[in-house]
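Before any comments, here is the structure.
All figures in this text were calculated on a predicted structure; none of them were measured in a lab.
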Protein chains: 2
Amino acid sequence: MPPLKLPPDSLDLAQILKASGVKATVQRLEIYRELSGSMQHPDAEAIYRGVRRRIPTVSLDTVYRTLLLFLKLGLVSSLRLPHERIRFDPNLTPHHHLVCTRCGRVQDFTHPDFDALKVPEAAQSWGVIEKMQVEIRGQCERCARQTKPGRSRSLIQTKEEPK
Amino acid sequence: MPPLKLPPDSLDLAQILKASGVKATVQRLEIYRELSGSMQHPDAEAIYRGVRRRIPTVSLDTVYRTLLLFLKLGLVSSLRLPHERIRFDPNLTPHHHLVCTRCGRVQDFTHPDFDALKVPEAAQSWGVIEKMQVEIRGQCERCARQTKPGRSRSLIQTKEEPK
DNA sequence: TCCTAAATAGTAATGAATATCAGATAGTAA
DNA sequence: TTACTATCTGATATTCATTACTATTTAGGA
Ligand SMILES: [Mn+2]
Ligand SMILES: [Mn+2]
Ligand SMILES: [Zn+2]
Ligand SMILES: [Zn+2]
């Protein structure tokens with residue numbers, strides 16, 4: 001169901017980096033490999049843990065710096081969720097997100113109706129559009145299932161609260 | 001968690017708070033008034049500055065705590081942009097966002113095509129949907145105008161304080 | 001008015017994200 | 001291959017948004 005993992009395999013990533021005038025270090029290649037091999041929209045920490053299995057001496061700072069570099073080069077995108085760290089997305093193809101507000105899982109999806117959407121005129125006159133993306137929030141099936149029915153976490157009390 | 005869907009003008013906010021079992025303090029009323037009077041999706045700092053004009057002793061911590069409380073009560077929503085602070089949105093009606101990636105301005109908009117969107121089947125089976133929102137990113141007219149059509153995809157954003 | 005749990009102000013602590021800098025390295029030229 | 005050097009990395013320090021702590025104040029009910 002998730003769209004397929006896209007382009008730059010680590011082989012031509014080296015080319016891209018060089019063409020961009022930056023060095024193709026082993027750290028950068030491994031960080032990209034770690035990110036592009038994940039469907040989870042991981043944060044810098046998760047990528048750090050993964051890369052460290054292959055480069056035990058890599059520093060978290062290098063991971064952050066490298067991901068920022070990838071962003072600047074347009075090789076990845078980022079997204080932010082409430083109360084969470086910056087997360088990174090190697091999928092550059094147009095797509096949308098399903099976000100679980102409980103466990104934080106983010107899943108890509110595409111849909112013909114969404115792809116057919118035209119940028120509204122009001123947006124055109126607002127400025128120069130770069131990207132249009134739909135975000136659907138809710139609870140994934142697993143999280144929804146483990147919610148105890150009748151036990152609301154709301155602070156809002158219904159009219160009659162027995163004391 | 002957010003079952004209450006009142007469009008609260010600051011007058012009945014006191015009622016809502018009491019009905020929720022929390023105290024209707026002057027700080028809370030003023031913080032809500034400051035937020036609901038803004039169309040800028042301000043962050044906690046901006047709200048703090050505004051409220052301080054009326055309550056000079058208010059603390060930033062109280063602003064944060066109060067906004068978190070409002071979130072929990074479903075009285076406001078929040079959004080996060082890359083490299084920016086949490087921003088708050090008093091507009092509870094379904095709407096979408098125009099986001100300027102340079103100055104950070106966020107503008108609400110609605111559009112019939114978007115309102116007509118149905119949640120895809122794939123999303124239905126993914127879990128329980130709470131909200132579907134379109135985010136359009138780009139550069140607002142003013143920001144686009146003051147940049148030559150060059151490629152300045154810099155991460156460094158000139159921050160202009162809303163309001 | 002009085003009482004008490006809840007809320008606030010002031011301040012400290014936390015933690016994600018960046019910056020600094022001495023030493024290592026990639027890419028290049030000889 | 002070797003040497004050169006600008007770039008890059010790892011370790012560490014720093015920044016800054018957000019959250020936690022706590023003594024004092026206050027909202028709201030009795
Ligand atoms: Mn994605
Ligand atoms: Mn909004
Ligand atoms: Zn979930
Ligand atoms: Zn702008």
What integer distance in Å separates [X]:[atom1] from [N]:[atom2]?
| X | N | atom1 | atom2 | result |
| --- | --- | --- | --- | --- |
| A:Ile86 | D:dT18 | CD1 | C1' | 15 Å |
| B:Lys18 | D:dA27 | NZ | P | 11 Å |
| A:Ile31 | D:dC8 | CD1 | C1' | 12 Å |
| A:Ile55 | D:dT9 | CD1 | P | 10 Å |
| B:Arg80 | D:dT18 | CZ | C1' | 9 Å |
| B:Glu84 | D:dT18 | CD | C1' | 16 Å |
| B:Leu67 | D:dA17 | CG | P | 15 Å |
| A:Leu29 | D:dT9 | CG | C1' | 14 Å |

Expected rows: protein N/O vs nucleotides 21-26 of chain D N/O, under 3.5 Å:
from   : atom 1 : to      : atom 2 : distance (Å)
D:dC21 : N4     : B:Asp61 : OD2    : 3.4

On DNA chain C, reading 5' to 3', which nucleotide is the first and which the last to sit with an atom under 4.0 Å from a heavy atom of chain B, could you check?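 Nucleotide range in contact with chain B: C:dA5 to C:dT18.
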
Among all residues two or more places apart in sequence or in another chain, which pass the side-chain contact (heavy atoms from CB on, under 4.5 Å) test with B:Ser78?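 Residues passing side-chain contact (heavy atoms from CB on, under 4.5 Å) with B:Ser78: A:Pro82, B:Leu71, B:Ile86, B:Phe88.
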
Tabulate below the donor-acceptor pairs under 3.5 Å that side-chain atoms of residues 111-118 of chain B make, not counting sequence neighbours, or state none.
from     : atom 1 : to       : atom 2 : distance (Å)
B:His111 : ND1    : B:Asp113 : N      : 3.3

Sequence neighbours left out, what passes ring-ring contact (aromatic ring centres under 6.0 Å, His included) with A:Tyr64? Give chain and number order.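 Listed in chain order: nothing, the list is empty.
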
Go through the structure and list residues passing ring-ring contact (aromatic ring centres under 6.0 Å, His included) with B:His95, not counting sequence neighbours.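 B:His95 satisfies ring-ring contact (aromatic ring centres under 6.0 Å, His included) with B:His97 once adjacent residues are dropped.
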
Using a heavy-atom cut-off of under 4.0 Å over every strand shown, decide if A:Ala24 touches base, sugar-phosphate, or nothing.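 Here A:Ala24 touches the backbone only, sparing every base.
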
With a non-hydrogen cut-off below 4.0 angstrom, is A:Leu60 in contact with a base, only sugar-phosphate, or nothing?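 A:Leu60: no heavy atom of the nucleic acid under 4.0 Å.
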
Under 4.5 Å between side-chain heavy atoms, chaining through other members, with only Ile, Leu, Val, Met, Phe, Trp and Tyr counted: pull out the rest of the cluster around B:Met39, sorted by chain and number.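 Grouped by the 4.5 Å side-chain rule, B:Met39 forms a cluster of one, so the answer is none.
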
Members sharing A:Val106's hydrophobic cluster (side chains within less than 4.5 Å):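 Its cluster partners, ordered by chain and number, are A:Leu79, A:Leu81, A:Val99.
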
Between A:Ser59 and D:dG10, is there a contact of a side-chain N or O with OP1 or OP2 at under 4.0 Å?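 Yes, within the criterion.
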
At how many degrees, to 10°, do the end axes of the helix from C:dT1-D:dA30 to C:dA30-D:dT1 meet when each uses five pairs?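 About 40° separates the two local helix axes.
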
Aromatic plane relationship, B:His96 with B:Phe109 - under 30° parallel, 30 to 60° tilted, over 60° perpendicular: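 Taking B:His96 first and then B:Phe109, their aromatic rings sit tilted (interplane angle of 30° to 60°).
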
Do A:Thr93 and A:Asp108 touch side chain to side chain, with heavy atoms closer than 4.5 Å?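 Not in contact.
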
Tell me every residue that passes side-chain hydrogen bond (donor to acceptor under 3.5 Å, both in side chains) with [X], counting only those two or more places apart in sequence or in another chain.
| X | result |
| --- | --- |
| B:Glu135 | B:Arg137 |
| A:Arg105 | none |
| B:Arg52 | B:Tyr48 |

With rounding to the nearest 0.5 Å, note down the distance linking CD in A:Glu34 to CG in A:Leu67.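 Spacing of CD (A:Glu34) from CG (A:Leu67) equals 10.5 Å.
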
Between B:Leu68 and A:Arg28, which residue's closest nucleotide on DNA chain D lies nearer the 5′ terminus?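 Residue closer to the 5' terminus by nearest nucleotide: A:Arg28.
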
